[in-house]
2 protein chains.
Amino acid sequence: MLERPVSSVSAELIAVLAAVTAGVPRVLTLGGGAVLPSGPLSPEHRSLQAGLRAWVERQTHHPLGYVEQLYTFADNDRNAEHGSFGRAISISYLGLTREQPNQQDAAATWQDWYQYFPWEDRRTQEEENQPVARALRGWAQTAASPAERKARRQRSAIAFGLEGRRWNEEMVLQRYELLYEAGLVAEAARDGIAGPSELAGLRLGQAMRQDHRRILATGIARLRAKITYRPVVFELMPPQFTLLDLQRSVEALAGRLLHKQNFRRLVEQQELVEETGLMADATGGRPAKLFRFRADVLQERAYAGTKPPLGRS
Amino acid sequence: MLERPVSSVSAELIAVLAAVTAGVPRVLTLGGGAVLPSGPLSPEHRSLQAGLRAWVERQTHHPLGYVEQLYTFADNDRNAEHGSFGRAISISYLGLTREQPNQQDAAATWQDWYQYFPWEDRRTQEEENQPVARALRGWAQTAASPAERKARRQRSAIAFGLEGRRWNEEMVLQRYELLYEAGLVAEAARDGIAGPSELAGLRLGQAMRQDHRRILATGIARLRAKITYRPVVFELMPPQFTLLDLQRSVEALAGRLLHKQNFRRLVEQQELVEETGLMADATGGRPAKLFRFRADVLQERAYAGTKPPLGRS
DNA sequence: CAAAGATATGCTCAGTATGAGTATTAGGAG
DNA sequence: CTCCTAATACTCATACTGAGCATATCTTTG
């Protein structure tokens with residue numbers, strides 16, 4: 001148990017750093033939007049998180065606030081860029097911040113994350129995405145056996161809310177994986193996975209290098225799940241905001257619109273925010289009160305970890 | 001970005017393998033209960049999961065069913081057993097199974113997991129755990145500043161549901177971390193963290209080597225969270241069972257008792273199970289119907305990943 | 001200045017989930 | 001036949017959710 005051979009691997013830290021600016025959810029990238037900030041774990045890093053912070057701050061000059069671990073990948077067929085010295089492990093993190101005005105580093109750019117996942121933004125049209133649905137049907141048709149055809153149709157329907165099912169906004173990763181498997185995203189072609197020939201030209205969303213788009217999908221999925229049961233939005237908000245600002249940010253993350261009155265009821269009954277006494281300079285209608293997050297609640301909830309932030313009082 | 005020095009580390013795979021037998025939640029261990037199954041990731045493993053399966057099956061001869069990744073740790077001060085060759089990374093997984101009758105390997109033993117976390121089992125007494133509460137108060141008293149005293153009291157209260165707060169069964173990791181910090185578990189003493197001197201003899205629960213107990217706490221916390229929003233219990237159940245069997249298993253995991261009538265209402269309205277037509281051989285009262293899980297629902301929910309398993313229909 | 005347009009904010013209502021309790025049924029043990 | 005135990009069936013109050021109506025307070029426009 002204790003004495004055993006140790007084979008060495010290389011470990012890489014990858015950050016999905018998210019912000020919401022003017023109702024647009026954005027992710028910090030390098031290489032013109034092709035890769036996420038990342039770098040190898042090295043001995044001088046005191047911890048995984050410390051290493052991540054060092055890399056992000058070095059590569060992007062952007063400070064890191066709230067951070068949580070996402071997932072650890074070993075490279076697989078999709079991503080065989082390692083040499084013969086061994087295997088590469090990627091430890092990914094999700095970070096939440098606000099965009100800083102003083103972006104000194106032009107190499108680091110914020111990108112609307114829906115440019116990578118256009119099918120994930122249903123704020124403008126709620127209905128089912130026709131091109132994607134059609135492409136998935138085409139993929140299902142090309143299956144070898146009837147059983148496999150049925151399985152593909154069912155998976156498509158569950159993931160994309162087709163055939164009368166509800167759209168589940170947290171299934172970001174499943175949807176991306178399905179499109180990859182169906183050969184409908186550029187990474188699939190790159191990795192030698194062909195889609196249905198009649199759809200060979202289809203390249204849904206903007207591609208990223210290696211499997212960074214998959215990691216981004218994992219981050220979005222985690223964030224969407226988390227905002228429903230933990231007050232994490234506040235990491236993304238300025239010190240003061242109107243309730244509509246807050247709602248727009250949540251909607252941007254969730255990719256769908258919310259009922260305004262119910263949203264404010266929810267926020268207020270949870271006692272997450274308090275009035276600042278100031279009003280927003282009106283942008284069109286009745287001026288809105290400015291709110292801030294209540295420090296004490298945040299502190300407790302930050303520590304409480306998982307449980308009852310929404311839900312019973 | 002692409003050309004960079006790679007420092008190598010060693011990567012270890014660790015399994016928290018859980019089962020519930022006769023209302024007792026158990027974890028598969030080696031070394032007489034002192035360590036979790038684990039082994040280094042090696043080049044022949046096709047993936048992290050494949051490596052984990054290989055190690056567990058080699059060390060324990062127990063097949064692995066459902067598996068999900070838990071967390072990745074880099075070793076820190078707590079656990080400085082690595083040599084000078086570099087850093088060690090531990091990638092932990094949670095697995096769910098049923099205990100196999102044919103245990104060929106005596107080195108692998110199933111342990112009641114509450115022997116490591118006695119304070120987590122509140123099925124017999126709901127009230128607050130007096131010795132622990134007293135010890136934590138003692139720890140809070142020894143803080144240097146009044147502010148720190150208050151912070152310690154508050155954290156204790158939140159984590160352990162003291163001072164009229166609700167017990168949150170998902171905060172397993174926070175509770176363990178708090179006891180560690182307070183010097184109330186053996187690992188703390190081993191790592192040179194002293195608790196309040198008047199409680200120097202207190203060693204809550206059975207210790208494990210390295211930080212395996214912390215990993216176990218992470219696994220229990222994840223499982224407790226998961227059963228509330230995903231039907232994962234079925235991985236732990238035999239093919240047929242009564243509703244009370246099912247309830248006892250959930251209670252075992254959650255560490256608290258549930259209202260029987262409401263539990264069956266919940267299970268039935270979710271349409272998770274169906275009658276087999278058979279009856280259990282009564283053990284005391286009216287005989288109970290035997291149920292099985294519905295295959296179709298399980299298949300869909302398995303794929304659905306996170307979302308609406310309990311909750312609205 | 002009055003009306004129109006745009007939000008903010010307040011309130012109602014039905015459907016449903018949840019926690020807790022009462023009542024009835026069907027076996028075994030004595 | 002009666003008691004004991006557990007299974008199963010209902011009831012009820014409360015809380016949360018989704019949806020919509022109504023009113024208030026600004027700005028813009030004629």
Side-chain angles (χ1 to χ4, degrees), chain A residues 22-23 122-123 126 166-169 227-229 231 240-251 254 256-292 307-313, chain B residues 22-23 122-123 126 166-169 227-229 231 240-251 254 256-292 307-313:
Chain A
R122 308 189 24 127
R123 285 174 296 177
E126 279 268 312
R166 294 184 48 156
W167 173 265
N168 178 348
E169 69 263 15
I227 52 172
T228 69
Y229 66 89
Q240 298 193 0
F241 48 84
T242 68
L243 292 182
L244 187 58
D245 290 339
L246 185 61
Q247 183 179 349
R248 293 283 173 252
S249 293
V250 173
E251 288 175 340
R256 62 188 183 92
L257 299 176
L258 303 172
H259 182 111
K260 189 195 274 194
Q261 295 92 324
N262 291 347
F263 179 80
R264 46 168 56 246
R265 176 177 62 189
L266 195 69
V267 169
E268 282 170 353
Q269 90 186 10
Q270 290 181 223
E271 299 184 303
L272 270 179
V273 300
E274 62 192 4
E275 299 183 10
T276 63
L278 303 174
M279 305 293 278
D281 7 346
T283 51
R286 174 172 168 179
K289 292 177 187 167
L290 283 171
F291 290 83
R292 74 170 78 89
K307 198 48 187 314
L310 319 212
R312 315 300 118 74
S313 56
Chain B
R122 306 183 33 120
R123 285 175 294 177
E126 278 269 311
R166 294 183 45 154
W167 173 264
N168 177 348
E169 69 263 16
I227 52 173
T228 68
Y229 66 88
Q240 297 193 0
F241 48 85
T242 68
L243 292 182
L244 188 58
D245 290 339
L246 185 61
Q247 182 178 351
R248 293 281 174 254
S249 292
V250 172
E251 288 175 339
R256 64 191 181 89
L257 299 176
L258 303 172
H259 182 112
K260 187 195 273 191
Q261 295 91 323
N262 291 346
F263 179 81
R264 44 165 60 243
R265 176 177 64 187
L266 196 69
V267 169
E268 282 170 353
Q269 91 187 10
Q270 291 182 220
E271 299 184 299
L272 271 178
V273 300
E274 60 191 6
E275 298 184 10
T276 62
L278 303 174
M279 305 293 279
D281 7 344
T283 51
R286 174 173 168 176
K289 292 177 185 165
L290 284 172
F291 291 83
R292 73 170 78 89
K307 198 44 186 316
L310 319 213
R312 315 301 115 72
S313 55

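So you know, we letter chains A, B, ... as the sequences are listed, proteins then strands, and number each from 1. All values below come from the heavy atoms of this structure, side chains included, with hydrogens, waters and symmetry mates left out.
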Quiz item: cation-pi between B:R122 and B:W167, 6.0 Å / 45°: yes
To the nearest Å, how far apart are [X] [atom1] and [N] [atom2]?
| X | N | atom1 | atom2 | answer |
| --- | --- | --- | --- | --- |
| B:L257 | D:dA6 | CG | P | 14 Å |
| B:L266 | C:dA17 | CG | P | 10 Å |
| A:Q270 | D:dA15 | CD | P | 16 Å |
| B:L278 | D:dA7 | CG | C1' | 17 Å |
| B:F263 | C:dG19 | CZ | P | 13 Å |
| B:Q247 | D:dA7 | CD | P | 9 Å |
| B:E268 | D:dC10 | CD | P | 11 Å |
| A:R256 | D:dT17 | CZ | C1' | 12 Å |

Where protein sits on nucleotides 20-30 of chain C, one letter per nucleotide: B base, S sugar-phosphate only, - none, heavy atoms under 4.0 Å: BBB--BBB---
Beyond-backbone contact of A:K260 with A:L258, side-chain heavy atoms, under 4.5 angstrom: no
Close side-chain approach of A:V273 to A:F241, heavy-atom, < 4.5 Å: yes
Phosphate OP1/OP2 of D:dT8: any B:R264 side-chain N/O under 4.0 Å: yes
Any A:K260 side-chain N or O less than 4.0 Å from OP1/OP2 of C:dA8: yes
Sugar-phosphate only, base, or nothing, as touched by B:K289 at under 4.0 Å among non-hydrogen atoms: sugar-phosphate
side-chain hydrogen bond (donor to acceptor under 3.5 Å, both in side chains) partners for A:Q247, two or more places apart: A:E251
Atom of B:A288, atom of B:T242 and distance for their closest heavy-atom approach: CB-CG2, 3.8 Å
B:R123 CZ to B:R248 CZ distance, which is reported to the nearest 0.5 Å: 9.0 Å
All side-chain contact (heavy atoms from CB on, under 4.5 Å) counterparts of B:R264, not counting sequence neighbours: B:L243, B:E268
